[in-house]
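First up is the structure itself, then whatever we jot down about it.
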Number of protein chains: 2
Amino acid sequence: MGLTKTDLFTENQNEVAMLAKAIAHPARVAIIEYLLKVNACICNDIVNELPLAQPTISQHLKELKNAGIIKGNIEGNAICYCINEPVFSKIKGLFGPMQPIQNTCC
Amino acid sequence: MGLTKTDLFTENQNEVAMLAKAIAHPARVAIIEYLLKVNACICNDIVNELPLAQPTISQHLKELKNAGIIKGNIEGNAICYCINEPVFSKIKGLFGPMQPIQNTCC
DNA sequence: ACTACATATCGTAATATTGCAATATAAAAA
DNA sequence: TTTTTATATTGCAATATTACGATATGTAGT
């Protein structure tokens with residue numbers, strides 16, 4: 001199939017999965033790390049920074065933007081990308097409410 | 001292609017992506033939530049809890065186990081699954097070291 | 001030994017993801 | 001206006017994921 005049955009799960013479960021999926025690729029992790037490092041929002045710099053072709057980077061940026069993790073602003077003929085704080089904070093606290101209890105078996 | 005070029009990224013980036021990928025499905029999020037709720041480690045219960053067929057659940061459990069997020073112990077004729085604390089804690093702190101700075105542009 | 005129960009594996013179909021060359025778009029610079 | 005620069009989109013091939021029926025494996029109880 002390859003088709004996730006999202007209608008069978010809660011809205012929260014789907015959201016957690018969606019955000020996790022956006023981070024589930026090393027290139028996208030690298031993009032996030034880079035954006036956090038340089039803070040100011042560059043874009044072609046990301047293409048120069050990562051060992052992937054420009055269309056591939058563009059595609060990853062699109063997925064991160066769709067997930068709401070990054071934002072993009074037009075700046076002249078370039079586009080300035082940066083972390084979208086509220087969503088990024090949500091990711092950091094993804095499993096915050098899930099308190100791990102002491103296991104009694106394993 | 002469909003093949004991630006893991007050799008182009010750092011070990012840490014690949015690990016973050018790998019852990020995120022394990023969570024990047026609502027069924028697996030549901031399994032983790034359930035295991036955290038019941039603490040004690042059941043397994044057929046998960047099949048009864050989620051609206052997916054037994055082989056599908058088994059497959060998801062396998063992926064969670066491969067990622068190190070859960071553990072499985074044989075207990076009679078059943079298998080007892082539970083959260084693997086150290087790895088789960090790591091997930092909670094995945095983006096901890098990444099400090100979001102104030103954006104100056106977007 | 002036979003049966004019931006619990007879980008894993010195999011095989012397969014449908015769909016999704018990854019990566020890039022080629023090309024399109026769009027704004028700045030010459 | 002032409003050229004350069006920056007980014008997005010399209011199309012496609014290779015591979016991965018998801019889901020499940022059928023079946024295998026393994027243990028407990030009878």
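Keep in mind that what you see is a predicted model, and the values were worked out from it rather than measured. A, B, ... follow the sequence lines: proteins, then strands. Residue 1 opens every chain.
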Legend entry - Interatomic distance where NZ belongs to B/Lys5 and P belongs to D/dA16 [whole Å]: 14 Å
Inset, instruction - Taking all non-hydrogen atoms of both residues into account, name the closest pair between A/Leu35 and A/Tyr81 and its distance. - result: CD2-O, 3.4 Å
Inset, instruction - Name all residues meeting the side chain to side chain contact (heavy atoms under 4.5 Å, CB included) criterion together with B/Asn77; count only those two or more places apart in sequence or in a different chain, and write none if there are none. - result: none
Legend entry - Toward the 5' end of DNA chain D, by each residue's nearest nucleotide, A/Thr6 or A/Asp45: A/Asp45
Legend entry - Heavy-atom pair with the smallest gap, counting every atom of A/Asn39 and A/Cys82: O-CB, 4.3 Å
Legend entry - Euclidean distance, B/Leu52 CG relative to A/Phe9 CZ, rounded to 0.5 Å: 4.5 Å
Legend entry - Spatial distance of atom CD1 (A/Ile70) from atom CD1 (A/Ile83) [nearest 0.5 Å]: 7.0 Å
Legend entry - Whole angstrom value for the distance that separates P of D/dT7 from NE2 of A/His60: 16 Å
Inset, instruction - Starting at atom NZ of B/Lys62, determine the distance to atom C1' of D/dC20, rounded to an integer number of angstrom. - result: 15 Å
Legend entry - Whole-Å distance separating the CG atom of A/Asn44 from the C1' atom of D/dT4: 13 Å
Legend entry - chain B footprint on DNA chain C, 5' to 3' - any atom under 4.0 Å from a heavy atom: C/dC5 to C/dC20
Legend entry - CG-CD distance between A/Asn48 and A/Gln54, expressed to the nearest 0.5 angstrom: 11.0 Å
Inset, instruction - Can you tell me the distance, in whole Å, between the CG atom of A/Asn73 and the P atom of D/dA8? - result: 12 Å
Please set out all donor-acceptor pairs under 3.5 angstrom arising from side-chain atoms of residues 16-29 of chain A, sequence neighbours excluded.
from, atom 1, to, atom 2, distance (Å)
A/His25, ND1, A/Ala27, N, 3.0
A/Arg28, NE, A/Ala22, O, 2.7
A/Arg28, NH1, A/His60, ND1, 2.9
A/Arg28, NH1, A/Glu63, OE1, 3.1
A/Arg28, NH2, A/Lys21, O, 3.2

Inset, instruction - Scan residues 49-59 of chain B against DNA chain C and write down, sorted by residue number, each residue with any heavy atom closer than 4.0 Å; if none is found, say none. - result: B/Gln54, B/Pro55, B/Ser58
Legend entry - Closest approach of B/Thr6 to B/Asn14 (non-hydrogen atoms, all atoms of both residues): O-ND2, 2.9 Å
Legend entry - Contact under 4.0 Å: A/Tyr81 side-chain N or O vs D/dA8 OP1/OP2: yes
Inset, instruction - Sort and list the pairs that fulfil salt bridge (Lys or Arg N to Asp or Glu O under 4.0 Å) and have at least one residue in residues 3-13 of chain A, not counting sequence neighbours. - result: none
Inset, instruction - Would you indicate, yes or no, if D/dA16 has its OP1 or OP2 atom less than 4.0 angstrom from a side-chain nitrogen or oxygen of B/Lys21? - result: no
Inset, instruction - Evaluate the side-chain proximity of A/Ile46 to A/Ile42: yes if any heavy-atom separation is below 4.5 Å, no if none is. - result: no
Between the protein and nucleotides 24-30 of chain D, which nitrogen or oxygen pairs are less than 3.5 angstrom apart?
none

Legend entry - Nearest-nucleotide comparison on DNA chain C, the residue closer to the 5′ end among A/Leu3 and B/Phe9: A/Leu3
Legend entry - Side-chain touch B/Asp45/B/Val38, heavy atoms, less than 4.5 angstrom: no
Legend entry - Nearest-Å distance for atom pair CD1/C1', residues A/Ile42 and D/dT7: 15 Å
Inset, instruction - Rounded to the nearest angstrom, tell me the gap between atom NE2 in A/His25 and atom P in D/dA16. - result: 12 Å
